[in-house]
Number of protein chains: 2
Amino acid sequence: MKKKEEKELVGVKEIARRANVAIATVDRVINNRKGVSEKTKAKINAIIEELNYKPNILARRLASKETLMFAVLIPSVSKETDYWEAPLEGITQAQSEIVSYGIEIDKYFFDQNDTQSFLIESRKILDKKYHGILLAPMFAKESAEFVSECTRRSIPVVFINSDLPDTPSLCYIGPDLYHAGGLAAHLCGYLIEEEDRILIVNISEIDNHRHFLRKEEGFKDYFYESKKSNAILKLDIKETNYKAISKELRKIFNSERVNLVFVPNSRVFYVAKFFEEYEIDNVRLIGFEFLAKNIKYLKKGTIDFLICQKPIEQGYRGIMTLYQHCVLKNRVKKVHYMPIDIITKKNYKFYSN
Amino acid sequence: MKKKEEKELVGVKEIARRANVAIATVDRVINNRKGVSEKTKAKINAIIEELNYKPNILARRLASKETLMFAVLIPSVSKETDYWEAPLEGITQAQSEIVSYGIEIDKYFFDQNDTQSFLIESRKILDKKYHGILLAPMFAKESAEFVSECTRRSIPVVFINSDLPDTPSLCYIGPDLYHAGGLAAHLCGYLIEEEDRILIVNISEIDNHRHFLRKEEGFKDYFYESKKSNAILKLDIKETNYKAISKELRKIFNSERVNLVFVPNSRVFYVAKFFEEYEIDNVRLIGFEFLAKNIKYLKKGTIDFLICQKPIEQGYRGIMTLYQHCVLKNRVKKVHYMPIDIITKKNYKFYSN
DNA sequence: CTGAAAGCGCTTACAG
DNA sequence: CTGAAAGCGCTTACAG
């Protein structure tokens, strides 16, 4: 049970004593506040350097009267997919951990199928003064505009789930879509034979979503690079109700021989449902995301593999990165790719998003 | 930029005011220190309840002069396997995060093949006064004795990597070995055919290590439960140098047809090396742990799957759990199983231990 | 440009 | 059994 007194005490007090100035002046230098002559500033900085002084975050947050405000702007959870529940959970978790450090978080939600809703919410955010923003930049153009306005106001923005590489964000936290597709392709190697045929089923109301296209690219490139000759068909379904999906699937399954279906997003459960209804049990199935609807079919063996990229952690880390940057003033990594996890019927119980 | 003043202030001060006592008395009640009459205690507790008061951890650690001391007792990193580097990394990471909260960590290491070294180190720990201990209870009997002595002294002990279910620890953080074995078996289903034969290779100087036996059990039970009829052979190699291992493998590969090898620990790279040397490329290989030596063969395709259970996180969480318990006084989960991750040549780059 | 003093929400001697 | 006061390492007005 050591006592603190034994330690060498290096705080603002000691710095002030050595520099022969008041504590307030030291504080001004440490926090880059103006109103200090170059001369005293240099003197103090030298001492800070020499002492290898690190501010005590506890004391700082305790003494500071300022509450830091973060805004979160992500898609709302829809009936159709509850994917965004997971990042939200991570965000809420992070929130509870840092609330006592004087940080508050406001959450804003937009409709994934409605650009307008994004614009409305993003304007609300700009109307308030936030110290940091966590954003899912689904709509590329609108997000870029929003971010450049934030940048003008020096508000750091963290991207999760998908990236806009050319937009000046603080960082990106999320999947490497290309390699996720590549992994799916690699797993196919274990599921099918040389002559077998693959069907990519893209179920999405939004046309040619970057998200899915990039995965598809990684998927196809893997086959190309590993010189596999399996036929790869593609089916685009622009609706997200089971009836319509089932109809389209029926059509293609009646006319084509298919041995494996790859669904590059979370709607793989629709295909599983179709397989079950039509008693198709000799076709392998790979998809994305750890959702209850998907796990149900994974358990039964209808879905072979789910690929998942820690959606909860994306939300959690997103907030924590803002905290690192704004509060602790730490440098943060520009890109943080999530692991690409493989979920099967035998390990899903232990999976932590 | 809200100000704190806007918030309702509920601290020791307000409680003291309402209870009409001094702050010190409130402090005594909050921290269960003695020297308070039942009457005032009840009164203060009622107010705490009513206000739903949560102590401010920042202020507590800042004001407290006491440094909390944790001890870590894990195997040393040997040339033969660098597995324990990973948990150690997690421990060091956690350490750096909580050092400014007035917590110090001392690390002790024992030799996995030497019970005596464990006894020596554990005695050193008992000679000092620690507030919490992180332990890898490899040696069941000796660990149990050590833990019961700790329990007598009310020192909480957290287990990582392997559990002693009947020993009174604060909690266990690590793999569910049985299900890890089951997952390996499940993956086999994708790698081999009905007639194919499986060889379990156990490489370990220690006899019948609980660790490996439990995985083997999960592995075999899966085959039994899923009514697969593949032959399962077993080879025990009690040495950990390549020459001896290679000799044993050669012997069995000369006399038996084997289509898949399962190594229930991290020494799978020895088998991979053997395959490479003897140009065996039609035998599938599954093993454990994300080690450089293993990844090398995963990349080349010699190893098909590695199963990994977040060793870094085990160390990190172990320390953080002690922190949660000792500093934040939070309840901790009795058992925290790690996810069972599947690593392939296509996702290892993104894996985070 | 600089300083003295109060205060953040706790804990810790010390006094009674 | 209880209280008044100092202090943890910072920040924040306010005064000069």
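Throughout, a chain's letter reflects where its sequence line sits, starting with A, and its residues are numbered from 1.
Judged by distance alone, the side chain of K41(B) and the main-chain N or O of V36(B) form no donor-acceptor pair under 3.5 Å. In this structure, the side chain of K13(B) does not engage the main chain of I23(B) through any donor-acceptor pair within 3.5 Å.
Per the geometry, CG belonging to N56(A) stands 14 Å off C1' belonging to dC10(C), to the nearest Å. What separates CG of L62(B) from P of dT12(C) is a distance of 12 Å, to the nearest Å. Residue R60(A) contributes atom CZ, which lies 14 Å from atom C1' of dT12(D) at whole-angstrom precision. Put simply, CZ on R17(B) is 18 Å from C1' on dA4(D), counting in whole angstrom units. Spacing between atom CD1 of I23(B) and atom C1' of dC1(D) amounts to 18 Å, rounded to whole angstrom units. Rounded to an integer number of Å, the gap from CG of L51(B) to P of dC10(C) is 11 Å. Atom NZ in K54(A) sits about 16 Å away from atom C1' in dC10(D), given to the nearest Å. Taking atom CZ on R61(A) and atom P on dC10(D), their separation rounds to 14 Å, with Å as the unit.
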key: Chi angles and distances behind the side chain to side chain contact (heavy atoms under 4.5 Å, CB included) call for V158(B), R317(B)   = CA-CA 10 Å; V158(B) 168; R317(B) 283 196 111 93; over 6 Å; no
query = Going through the checks in order, is the side chain to side chain contact (heavy atoms under 4.5 Å, CB included) test met by C326(A) and F70(A)?
reply = CA-CA 10 Å; C326(A) 298; F70(A) 295 157; 3.9 Å; yes
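Of all the heavy atoms in I160(B) and P87(B), the pair that sits closest is CD1-CB, 4.4 Å. Scanning all heavy atoms of the two residues, the minimum distance from L134(B) to L322(B) falls at N-CD1, 4.0 Å. Between C150(A) and I133(A), the shortest heavy-atom distance links the atoms SG-CD1, 3.5 Å. Nearest approach of R61(B) to G102(B), heavy atoms of both residues: NH2-O, 3.1 Å. Across all non-hydrogen atoms, the minimal contact from I74(A) to A136(A) is CG2-CB, 4.1 Å. Scanning both residues, H325(B) and P156(B), for their nearest heavy atoms gives CD2-CG, 3.8 Å.
Looking at heavy-atom distances under 4.0 Å, I30(A) makes no contact with the nucleic acid at all.
Checking the phosphate oxygens (OP1, OP2) of dC1(D), no side-chain nitrogen or oxygen of T25(B) falls inside 4.0 Å. Note on K13(B): a side-chain N or O is less than 4.0 Å away from OP1 or OP2 of dC8(C).
Each of I47(A), I44(A), I15(A), V12(A) was scored for a side-chain contact (heavy atoms from CB on, under 4.5 Å) with V29(A), with one residue passing: I44(A).
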query = How would DNA chain D look in dot-bracket form, 5' to 3', counting Watson-Crick and G-U wobble pairs with both distances under 3.5 Å and writing | for bases paired to another strand?
reply = |||.||||||||.|||
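Under the 30°/60° scheme for interplanar angles, the aromatic rings of F118(B) and F146(B) are found to stand perpendicular.
When each of dA4(D), dC10(C), dC10(D) is scored by its nearest atom to the side-chain atoms of A59(A), the top-ranked nucleotide is dC10(D). Nearest nucleotide to the side chain of A22(A), out of dA4(C), dG9(D), dG3(D): dA4(C).
Contacts of residues 33-46 of chain A with DNA chain C (heavy atom under 4.0 Å): G35(A), V36(A), S37(A), T40(A). Looking at residues 319-327 of chain A, you'll see that no heavy atom sits under 4.0 Å from any atom of DNA chain C.
With hydrogens and angles ignored, a donor-acceptor pair under 3.5 angstrom links the side chain of R28(B) to the base of dG3(D).
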